[in-house]
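Shown next, in structure tokens, is the structure this report addresses.
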Amino acid sequence: MEKSENVLEVENLTMHYTTRKGPVYAVDNVHFSLARGGSLGLVGESGCGKTSVAISLLKLLPENAEILGGAIRLNGTDVVPITETEMRKFRWKNISMVFQAAMNSLNPVYTVEDQILEAMHQHIPHMSEADMKSRIEGLFELVGLDPSFKDQYPHQYSGGMRQRAVIAMALSCDPDLIIADEPTTALDVIVQDALLKQIKLVQEKVDMAMIYISHDIAVIAEVSERVGVMYAGKMAELASTEAIFHRPIHPYTMGLMSSFPSIAGEKKELVMLPGEPPDLLAPPPGCRFHPRCPYATEICQEEEPEFKDHDSGHFAACWHPGGES
Amino acid sequence: MWRFLGQRFLQMVITLFLFQAATYFLIDAQPGDIADLLTLDPNIPPNERERLRAELGLDRPPVERFFKYIGNFYRGDLGVSFQEYPKPVIDIIEERLPRTLVLFLSANLVSFWVGFVSGKILAWRRGGWIEYTSTIAGVTLYTVFLPWFGLMMIWLFAVTLDLFPAGKFLSPINWLTAPVNANYIFIRMTISAFIALLIAFIGTLLSNRLEPRHRLGARLVSFIVPLAGLVYYWQTSEFGALAWDITSHLILPILTLTLYAYAGTMLITRTSMLETLREDFIFTARAKGLPEKVVRDKHAARTALLPVWTGLIFSLPAALGGGIITETIFSWPGIGLAYLQAAVVEDIPVVMGILTIIGILTLISHLIADIGYAFLDPRIRYH
Amino acid sequence: MTATTTPDATISIPEVPLWRARLLMALSSLRSSWAMFAENPIGLIGLGVIVFYGLFAAAHPILMNTVWDPVVYDPVNGFDIEIAFHPSAPSMRHPLGTDVLGRDVLSQLMFSTRYEFALGMLAALATSIVATTIGAISAYYGGVIDLLLMRLADLVYMMPLLPILIVLGALMDIGMIELAIVLGLLFGFGGTAIVVKSQALSVKVKPFIEAARIAGGSDFHIIFKHMVPNLLPISLLYMMFTVNTAIAYEAILSFFGLTTIEMSWGLMINVTQVFGYLLRFDTWWLLFPASIAITTLCAAFYLVGRALDEVVNPRLRRR
């Protein structure tokens, strides 16, 4: 496999769910790429399609979901058209994931070591059992867990320990890309902070790309180089963390920033914007943000803005970038 | 572990005592007593009746009689059957219990295994006509009027296909010249079958340690060898024909009870699997790139087994009832048939004795099920 | 009715009496539950079968008063003297033949249906009342009361039901109502109480219970006014499973000849057995109609129970 510069390129990805009331376009024409070893944060309100992007990348869709179009290039290979059996070889080996509900992402009836070993047996069969076990011990140390805990069952771990074990599991097959979907949400603030530091540390030590998904922009700022802001299944803005924080273009991002507390400490949910996220069953025409946008004009209601580069790598989809008219 | 067992044993003894008390006083509260029954003859003068009462201890208060009964019970004296006077109740139980145990255990083990495997597969292939037909067929089998189902089995296998006899424990014509009684052979059959099963089980366990490509062959061998040994043993034995006579009478009741118990396990496995498949660790297992079969068997089914096992515990009393009905339909003289016949003619000592035995069996199966659950669920094991 | 009451309910909430608001809420939740239930063909099949048997039972008195001559077609005392030999095979005159005693099988089958429904419903109602009361009391008081009641529930749940019913049937005269009450008590004290109690525990910690307690409500008031109404849905669900079990047990006991019920499906097969026709498969009409009726009605209640389970328990839902 020829190594491309980008570990992941997502082009015009569109995915929908079929529901009783009609199709829901959870991911609509999403476009981004991630350099080898780079990190990207995806931020947005709940229901904006962040997790749907993640499960589309792994192609682990529920029965009622379908990728309608676009391309997902992992190391240059488009995985959208390949079969389930072929996709299985990519999972964990090339792209692994840390889930939102780490509490429940370990099977209660097997030891943690067993569950990590089984992934390694699947993807790196040439490695000897003893090497695997010492690798697991190394990973446990890397994520800040006592290696002697590896023979225990998940229920014997605390919540934070389980999350660390899941991170160790995600690292076990040395993937090129790791997706962390709100890995700290279910934990209390102190554990959350320690875990974030650990994740940053791990990322620096192990050369791998990372997509970090969170509704909490403060968390994203801490761990990612670039940030993608999602709104109602669409990518609203994508730029370096620095640019997003200091020179946001999209009014939605500007709204997010104003609701972000300047002094570290108190963390808030993104509730400061007026109005509610749109109903994805019947999204508003034109720009999906226009009903809540203070700068909205006629064109916003009629035509969808193009997702384009505004300032060398600073992408946004807006008719009035930066609030200009 | 030992403390747990000790605690459970004490609990069982107390529960059994309560159960015995409840059944004793329930039966005792019925109008009329044994003396009335024995002395229905109006020619017996009232003072003679009173004398008999005193002799049988019936003039004593019920609580005293109950404690005397309990005392005798733990000495192995369950009284004497009225119907087959003066045969002791314990003899009837001794003769009938092994048969019922064989029927009950083999039907429940087979149905549990088959039900679990098929329920697992049905949950995996959700949707479409297979789901609906299998659910409706399963529910129909689960709620079927068992006497009718038994009769249908007789009609199909005994009358139409003429494969097996229609009922009874044996055909008397084969036993006219037999040097030993049926129970002697039955016990030996049970023991030999148990040994064969044990060998097959150990063989299967050992075959799991082999490399995957040798596994299937080793498993087949570990089943075929003990089976062949069993057949060979009885073929060469002088009692081979008699053993076959008992077996051929046994197959149809076992098959009926197995099918009846199967549906329950299948349905509950399916439900449990569907719940487990929504768990996050199943999603993780898929994300790990594990083959679907591993996700299904190692992750989903193993975890889904826990509620199925609990369900089995709770379905045991119903399965016992099913055993009584099956024995009745096939006139197969196990403990259930003895119980029903005794109840109809109000043979109180036999009814009490068997009811207590049924209570003990229920308690023991609960204990075994609890230990099995602790073995299956590490959350209980490493508490 | 809903069309006229809905607007003023939404516009001026305070003027609507509480019972009416509750009724409207119940109706709307019923409507969405029905939509979910109706998606499941299995539940609809079950419901269809139950409705069929309901009509079947209702048709009997009509037929008796119009086409069927009571002397010939009475389910208990009828006898057809125009037929030389009973049991007679199905004919135009007797669509399902006659039984050993010369009675019309179809008439017996239809006549019995109402009793099966009555027994099932009565047993289920008794179960519901007992289980909800025990569950609510156990959850509300906790401590020793809870321990005692739940140990008792375990004991009852573990007990082999059929042997106990056999002994009761053999020693006592058990009719329809006695059987329904006995079954209701045994089911209600056993498994259903355990399930309802776990539900009651989650109701107990709801704010409105606390509010009622602070407002000075008596224990009795809180349990029966606030907890029990919230436990009814789960109770109702388990009622369905109780109905089919009760019908099955009645059939078995009547088949063994241990009840004093005048006419039932189980008894029809018992009569067949007593006269030695059970293993004679050429007289199938003495065995099949009643057996199939028992099986299908039990299966129907069970199917509806399962479908309701999927509505109540979101984890089983397809989506």
Side-chain angles (χ1 to χ4, degrees), chain A residues 51 54-55 57-64 84-112 114-124 151-157 162 165-166 169-170 172-173 175 178-179 181 186, chain B residues 116 120 122-128 130-131 208-213 215 269 272-310 372-383:
Chain A
T51 302
I55 61 174
L57 294 183
L58 277 157
K59 281 185 67 179
L60 275 177
L61 301 173
E63 278 169 57
N64 64 337
E84 175 68 17
T85 322
E86 285 172 314
M87 187 61 210
R88 227 173 270 147
K89 293 180 192 135
F90 282 92
R91 292 186 192 135
W92 230 249
K93 181 88 189 79
N94 297 87
I95 174 169
S96 72
M97 186 161 175
V98 177
F99 297 95
Q100 198 165 359
M103 300 290 165
N104 308 322
S105 48
L106 291 166
N107 190 329
V109 302
Y110 296 108
T111 64
V112 174
D114 275 349
Q115 297 185 50
I116 300 180
L117 271 179
E118 104 187 307
M120 294 168 87
H121 278 298
Q122 189 67 37
H123 297 291
I124 29 181
D151 296 329
Q152 298 208 342
Y153 288 90
H155 73 275
Q156 293 165 297
Y157 280 46
R162 263 182 249 179
V166 170
M169 184 156 86
S172 62
C173 298
I178 190 164
I179 304 171
D181 184 5
Chain B
F116 183 70
K120 174 179 92 180
L122 283 172
W124 194 252
R125 305 176 171 250
R126 202 169 178 195
I130 301 178
E131 179 179 358
N208 278 345
R209 302 187 161 212
L210 293 175
E211 278 187 35
R213 60 204 159 91
R215 224 174 263 171
T269 307
S272 172
M273 270 293 273
L274 289 179
E275 288 198 16
T276 310
L277 286 174
R278 314 200 127 212
E279 296 279 355
D280 291 318
F281 59 79
I282 297 298
F283 195 73
T284 312
R286 287 214 174 103
K288 283 199 275 190
L290 300 175
E292 293 290 281
K293 202 163 172 289
V294 176
V295 176
R296 185 190 77 187
D297 292 346
K298 189 179 168 189
H299 286 277
R302 174 65 179 74
T303 315
L305 179 60
L306 299 176
V308 179
W309 188 264
T310 319
Y373 194 88
F375 181 73
L376 288 176
D377 191 346
R379 282 166 293 192
I380 307 257
R381 213 181 327 149
Y382 298 92
H383 190 56

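Chain A is the first sequence line, chain B the second, and so forth, proteins listed ahead of strands; every chain is numbered from 1.
When atom types are taken as modelled, the side chain of B:H299 and the backbone of B:T276 share no donor-acceptor pair closer than 3.5 angstrom. Side chain of A:Q152 to main chain of A:Y157: no donor-acceptor pair is present (N/O by atom type, distance under 3.5 Å, no hydrogens or angles). B:R379 places no side-chain N or O within donor-acceptor distance of the main-chain N or O of A:Y153, the cut-off being under 3.5 Å. The closest donor-acceptor contact from the side chain of A:S96 to the backbone of A:A170 lies under 3.5 Å. Of the possible donor and acceptor atoms, one in the side chain of B:T284 sits under 3.5 Å from a partner among the backbone N and O of A:S105. Side chain of B:S272 to backbone of B:A304: a donor-acceptor contact under 3.5 angstrom is found. The main-chain N or O of A:M169 is found under 3.5 Å from a side-chain atom of A:S172 such that the two form a donor-acceptor pair.
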Inset, instruction - Evaluate the side chain to side chain contact (heavy atoms under 4.5 Å, CB included) criterion for residues A:V109 and B:L306: first the C-alpha distance (whole Å), next the side-chain angles of each, then the deciding distance (0.1 Å), finally the verdict. - result: CA-CA 10 Å; A:V109 302; B:L306 299 176; 4.2 Å; yes
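Proximity to chain A among residues 285-292 of chain B is limited to B:R286, B:A287, B:K288, B:G289, B:L290, B:P291, B:E292, judged by heavy-atom separations below 4.5 angstrom.
In terms of heavy-atom pairs under 4.5 Å with chain B, the best-connected choice from A:P154, A:C173, A:A119, A:P108 is A:P108. Interface remark: of the candidates A:Q115, A:K93, A:M97, A:Q115 forms the most heavy-atom pairs closer than 4.5 Å to chain B. Between chain B and the options A:E118, A:K89, A:Q122, the largest number of non-hydrogen pairs under 4.5 Å is found for A:E118.
No part of A:H121 comes within reach of chain B, as not one of its non-hydrogen atoms sits under 4.5 angstrom from that chain.
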